[in-house]
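No experiment lies behind these values; they were computed from the predicted model shown.
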Amino acid sequence: QIYGNGLYKILLVDCGVKNNIIRRLIVNNATVIRVPWDYPFLEEDYDGLFISNGPGDPIQCKPTIKNLETALEQEKPIFGICLGHQLLALAAGASTYKLKYGHRSHNQPVLYQPTQKAYITSQNHGYAVDERTVSKLWESTFINLNDQTNEGLRHVFKPVFSTQFHPEASGG
């Protein structure tokens with residue numbers, strides 16, 4: 001499916017995307033091309049790749065992880081939210097684990113490590129990236145202030161980044 005008519009062509013890998021994410025991309029001058037989570041997107045033409053949120057254990061999304069491993073070898077921008085964050089981490093060689101209770105609310109505090117500023121975020125997930133397994137080619141950008149879990153990653157050299165929380169969301 002294609003949404004919007006913007007300048008930037010964003011290929012959205014739909015793992016359970018929220019409609020507000022699509023709306024926010026369109027408002028920011030994007031044409032969004034939505035494909036299923038297991039779609040072999042490597043031959044598609046796009047300016048940037050977006051990996052959406054979604055439910056469940058990220059390790060179960062093997063086709064997406066495999067496609068992301070190859071996409072990470074390219075120089076195109078990639079951004080992941082929630083499950084997309086976990087899938088990018090897995091494609092980069094990191095591990096994930098199940099949280100005891102998960103993060104579920106509109107009031108999860110995270111710290112943006114480069115500036116030491118805290119933000120209140122919207123979250124709904126049961127898995128986290130094991131920061132101890134993240135390669136030196138990646139920087140941790142956000143941490144959860146309640147339990148110190150990883151909430152964001154950025155590649156050191158490439159235009160690839162992710163957040164565990166939902167930056168597009170707001171309460172109500």
Side-chain angles (χ1 to χ4, degrees), residues 10 12-25 28 37 48-62 64-69 71-172:
I10 305 299
L12 184 148
V13 178
D14 184 357
C15 301
V17 71
K18 293 177 169 184
N19 286 333
N20 194 41
I21 291 173
I22 296 171
R23 284 193 293 268
R24 298 304 308 160
L25 290 169
N28 285 285
W37 68 277
L49 181 62
F50 179 86
I51 316 304
S52 85
N53 61 295
D57 184 348
I59 202 71
Q60 299 298 316
C61 299
K62 291 185 185 344
T64 310
I65 296 165
K66 189 71 174 158
N67 286 332
L68 286 172
E69 287 172 355
L72 284 170
E73 294 171 4
Q74 301 170 357
E75 298 300 322
K76 291 187 178 182
I78 304 174
F79 179 51
I81 289 179
C82 196
L83 180 63
H85 163 70
Q86 298 163 11
L87 294 171
L88 275 172
L90 288 167
S95 308
T96 57
Y97 62 95
K98 186 165 181 49
L99 294 164
K100 187 172 183 179
Y101 299 109
H103 299 154
R104 306 189 193 287
S105 68
H106 282 288
N107 60 353
Q108 290 286 324
V110 300
L111 182 71
Y112 183 52
Q113 295 183 90
T115 64
Q116 294 297 293
K117 288 187 178 182
Y119 296 90
I120 301 300
T121 65
S122 175
Q123 301 192 23
N124 185 19
H125 60 271
Y127 290 82
V129 172
D130 184 346
E131 196 162 316
R132 298 170 302 175
T133 65
V134 174
S135 154
K136 298 273 189 238
L137 292 174
W138 294 82
E139 297 173 338
S140 174
T141 52
F142 290 94
I143 58 166
N144 187 295
L145 289 172
N146 288 331
D147 63 10
Q148 308 303 304
T149 54
N150 179 277
E151 292 278 343
L153 293 171
R154 176 178 53 209
H155 195 278
V156 174
F157 304 113
K158 295 184 178 195
V160 180
F161 59 105
S162 61
T163 62
Q164 180 63 72
F165 56 90
H166 287 259
E168 86 294 348
S170 59

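- Inter-residue side-chain proximity for Leu99 and His125 is flagged as met; some heavy-atom pair is nearer than 4.5 Å.
- Counting heavy atoms from C-beta outward, Cys15 and Gln86 have side chains that stay 4.5 Å or more apart.
- Here the shortest heavy-atom pairing between Ile120 and Asn107 reads CG2-CA, 3.4 Å.
- More than 12 heavy atoms of other residues, nucleotides or ligands sit less than 6.0 Å from atom NZ of Lys76.
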Please determine whether side-chain contact (heavy atoms from CB on, under 4.5 Å) holds for the pair His103 and Asp147, giving the CA-CA distance in whole Å, both sets of side-chain angles, and the decisive distance to 0.1 Å. CA-CA 10 Å; His103 299 154; Asp147 63 10; 2.6 Å; yes
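- Pairing each heavy atom of Leu88 with each of Phe79, the nearest pair is CD1-C, 4.3 Å.
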Would you please test Ser140 and Val134 for side-chain contact (heavy atoms from CB on, under 4.5 Å) and show each step? CA-CA 9 Å; Ser140 174; Val134 174; over 6 Å; no
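- Ring geometry, Tyr119 versus Tyr112: the interplanar angle exceeds 60°, so the pair is classed perpendicular (tilted spans 30 to 60°).
- The two residues Asn146 and Gln108 make their nearest non-hydrogen contact at ND2-OE1, 3.4 Å.
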Evaluate Asn150 against His85 for side-chain hydrogen bond (donor to acceptor under 3.5 Å, both in side chains), listing each step before the verdict. CA-CA 10 Å; Asn150 179 277; His85 163 70; 3.0 Å; yes
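- Taking 4.5 Å as the limit, some side-chain heavy atom of Val17 sits within range of a side-chain heavy atom of Asn53.
- Nearest heavy atoms, Ser162 versus Thr141: O-OG1, 4.3 Å.
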Go through it in stages, so that I can follow the logic: the residues are Leu87 and Trp37, the test is side-chain contact (heavy atoms from CB on, under 4.5 Å), and I'd like the CA-CA distance, side-chain angles, deciding distance and then a yes or no. CA-CA 11 Å; Leu87 294 171; Trp37 68 277; over 6 Å; no
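- The shortest heavy-atom contact between Val160 and Leu72 is CG1-CD2, 3.8 Å.
- Asn124 CG to Gln164 CD: the interatomic distance, rounded to the nearest 0.5 Å, is 10.0 Å.
- The line from CG of Leu111 to CG of Asn144 is 10.5 Å long, rounded to the nearest 0.5 Å.
- Remark: side-chain polar atoms of Thr133 are paired, donor with acceptor, to backbone N or O of Ser95 under 3.5 angstrom.
- In this structure, a donor-acceptor pair under 3.5 Å is present between the side chains of Gln123 and Glu151.
- To the nearest 0.5 Å, atom NZ of residue Lys18 and atom OG of residue Ser122 are 4.5 Å apart.
- With a 4.5 Å cut-off on side-chain heavy atoms, Leu90 and Thr64 do not count as touching.
- One finds the CG atom of Leu137 at 6.5 Å from the CZ atom of Phe157 (value rounded to the nearest 0.5 Å).
- To the nearest 0.5 Å, the span separating CZ on Phe161 from NE2 on His155 amounts to 13.5 Å.
- When every heavy atom of Gly16 is checked against every heavy atom of Ser52, the shortest pair comes out as N-OG, 3.5 Å.
- Side-chain N or O atoms of His166 include none that pairs as donor or acceptor with a backbone N or O of Glu168 at under 3.5 Å.
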Might you work through the side-chain contact (heavy atoms from CB on, under 4.5 Å) test for Ile81 and Phe50, ending with a clear yes or no? CA-CA 8 Å; Ile81 289 179; Phe50 179 86; 3.7 Å; yes
